[in-house]
**Student:** 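Right, I'll just put the structure down here and ask away after.
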Amino acid sequence: MPAPLSAAQLARAVAAGDMTPHTLLEQAVSRAQEAAPLNALVSLNPQAAEQADEVARRLDAGEVLPLAGVPVVVKDNINVRGTRTTCGSRMLAEYVSPYTASAAQHLLNAGAIIMGKANMDEFAMGSSTESSASGPTLNPWDPARVPGGSSGGSAVAVAAGITPVSLGSDTGGSVRQPAALTGIYGLKPTYGRVSRYGLVAYASSLDQIGPFARNAEDLALMMSVIAGPDPRDATSLPAPTHFRVGTPDDLRGLRVGVIRESLGGNTAGVDAALQGTLEALRSAGAVTGEVSIPELSHAIATYYLIAMPEASSNLARYDGMVYGQRVPGADVTEAMTLTRERGFGREVQRRIMIGTYALSSGYYDAYYSKAMKVRRLIAQEFDRAFEAFDVLVTPTSPFPAFRQGERTRDPLAMYAADVDTVAVNLAGLPALSVPAGFEAVDGVRLPVGVQFIAPALKDELLLTLAGGLEGLGAVSMETPPQT
Ligand code: GLN
């Protein structure tokens, strides 16, 4: 497969009349068919052709559209009116969205064509995209391995060249970790930067929609389109209307702090990629050092003691009455019980039970309330680290893609995959995974990523870094062998 064109290139070609939205859509659909064994998409959008017509009309009328005719996919927990939104769950197998999420609407307004919905772990709970009711998504670098998760379908759609960009959601790493494991960029914006209106809630205080892309310019383009305040999301924040990409010159004097706690327990290839990135930054005049965030040792426990209680209340609505595929019973209680028993998979059930337990009277103080206090401490330690450094860096994941099935039997082993990413969500910070190298495992080359973490609202600094590293030739962007 030749390296696919970027979203910015495609939009320019369409605006110039060299390509039509329809041809791009047809190409994306045929790529999706070729790549069907990877199971990245759960549905094609029945309205995509109409959207292409509409974009062609708007261009004829002289509108300037930054994503003119660009095919995109969005994770299957982002509502698009008239399409199925299953969240990878049997519970929502038949659910058709009556409205469109703000982030998806922004894409449409900018001229993008939403060609399909991407596979995901059920209700975004997982790190491998193995728990979907639609079956697992496979990694295009090695189909025996996972693509990461929970936004694995959105990552694979971009890595395998189906679409140049996509949207995922990141509650504890679900954009950054699959980006790292599939060799592309994944950005988790500052909490509030992108409206959550129309994103099916998992853990509302942590959830954030973010883009996947194959280059810095496309990431910036996506952020310019999707970020900004929304009267329908009370937590949304103002944002620049134009996100700028940096150059190597912008890296001079930048203070980059490596988080010491992230240095142990990584594979050799992950360590080497991190060191290679630091060397590239130094060669451009950045100053690197180490910084400690001791509370990170509690990040996973804290994250799960907050995410699961929030999930248990958010998922209470799926009882087969208004929401959820109803399973009939002799009475209301039995119908609700059967609906939840059959509609939810095991991991979702486990989290609802643990979350409910942690919120229950007598345990609330010991678990949930304590986790909230540690969350505050973690945020304070990040603030302190940002007094000495402009940006922090860690591996995105301690290891490259693991084998299908390798971590499914042991939930704690799966949760450990998020050790480098969850603290960022607890603190509400923006973070970006950059493709930083490869590691050969059993003779197969697998991508590894490096994570940059910026202070709240400094999302643009991450694009400065991405552009700077690209300019230095320090970003490992390659086309995977499997499609
Ligand atoms: N793997 C983490 C979890 O299972 C993060 C998921 C996410 O970011 N949606 O909760």
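Whatever order the structure lists them in is the order used to number ligands and atoms, beginning at 1.
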**Student:** Just to check, does Gly173 reach to within less than 4.0 Å of ligand 1 when the distance is taken from its heavy atoms?
**Tutor:** yes
**Student:** Flag Asp170 as yes when one of its N or O atoms lies below 3.5 Å from any N or O atom of ligand 1, and as no otherwise.
**Tutor:** no
**Student:** Does NZ or CZ of Arg407 lie under 6.0 Å from the centre of the six-membered ring of Phe402, at an angle within 45° of the ring axis?
**Tutor:** yes
**Student:** Look only at interatomic distance and state if Lys75 has a nitrogen or oxygen under 3.5 Å from any nitrogen or oxygen of ligand 1.
**Tutor:** no
**Student:** Using the benzene-type ring in the case of Trp, are the ring centres of Tyr415 and Tyr304 under 6.0 Å apart?
**Tutor:** yes
**Student:** Using a 4.0 Å cut-off to any heavy atom of Asp418, which atoms of ligand 1 qualify?
**Tutor:** 1 (N), 2 (C)
**Student:** Would you kindly specify which portion of Thr171 sits under 4.0 Å from ligand 1, judged on non-hydrogen atoms: side chain, backbone, both or neither?
**Tutor:** both
**Student:** Give the atoms of ligand 1, by number and element, whose distance to some non-hydrogen atom of Gly172 is under 4.0 Å.
**Tutor:** 5 (C), 7 (C), 8 (O)
**Student:** Identify the two heavy atoms, one from Ile259 and one from Phe382, that lie closest to each other, and give their separation to 0.1 Å.
**Tutor:** CD1-CE2, 4.1 Å
**Student:** Go through ligand 1 atom by atom and flag the ones less than 4.0 Å from a non-hydrogen atom of Tyr304.
**Tutor:** 1 (N), 2 (C), 3 (C), 4 (O), 10 (O)
**Student:** Assign the ring pair Phe344 / Tyr318 to parallel, tilted or perpendicular, where the plane angle (0 to 90°) is split at 30° and 60°.
**Tutor:** perpendicular
**Student:** Do we see a donor-acceptor contact under 3.5 Å between the side chains of Asp207 and Ser169?
**Tutor:** no
**Student:** Looking only at distances, please establish whether an N/O atom of ligand 1 is found under 3.5 Å from an N/O atom of Gly126.
**Tutor:** yes
**Student:** What do we get for Lys188 next to ligand 1 when only non-hydrogen atoms under 4.0 Å count, side chain, backbone, both or neither?
**Tutor:** neither
**Student:** Can you see whether Ser132 engages Asn119 through a side-chain donor-acceptor pair at a distance of less than 3.5 angstrom?
**Tutor:** yes
**Student:** Out of Met414, Glu347, Met120, Arg351, who gets a non-hydrogen atom closest to atom 4 (O) of ligand 1?
**Tutor:** Arg351
**Student:** At less than 4.0 angstrom from any non-hydrogen atom of Met125, what atoms of ligand 1 do you find?
**Tutor:** 4 (O)
**Student:** Mind running salt bridge (Lys or Arg N to Asp or Glu O under 4.0 Å) on Glu478 and Arg445 for me, showing each step along the way?
**Tutor:** CA-CA 11 Å; Glu478 288 182 29; Arg445 274 173 94 239; 3.0 Å; yes
**Student:** Can you name the atoms of ligand 1, numbered from 1 with element, that are less than 4.0 Å from a heavy atom of Ala124?
**Tutor:** 6 (C), 7 (C), 9 (N)
**Student:** Near Arg260 CZ, under 6.0 Å, is it more than 12 heavy atoms from other residues, nucleotides or ligands?
**Tutor:** yes
**Student:** Considering non-hydrogen atoms only, spot the tightest contact between Gln451 and Thr396 and give its length.
**Tutor:** N-OG1, 3.3 Å
**Student:** Flag this pair as yes if the NZ/CZ of Arg81 is under 6.0 angstrom from the six-membered ring centre of Tyr99 and inside a 45 degree cone about the axis; otherwise no.
**Tutor:** no
**Student:** Less than 3.5 Å between some nitrogen or oxygen of Ser127 and one of ligand 1, yes or no?
**Tutor:** yes
**Student:** Give the residue, atom name and distance (to 0.1 Å) of the protein heavy atom nearest atom 6 (C) of ligand 1.
**Tutor:** Ser174 OG, 2.8 Å
**Student:** Can you list the atoms of ligand 1 that are under 4.0 Å from a heavy atom of Tyr303?
**Tutor:** 2 (C), 3 (C), 5 (C), 6 (C), 10 (O)
**Student:** Which bit of Tyr415 gets closer than 4.0 Å to ligand 1, counting heavy atoms only: side chain, backbone, both or neither?
**Tutor:** neither
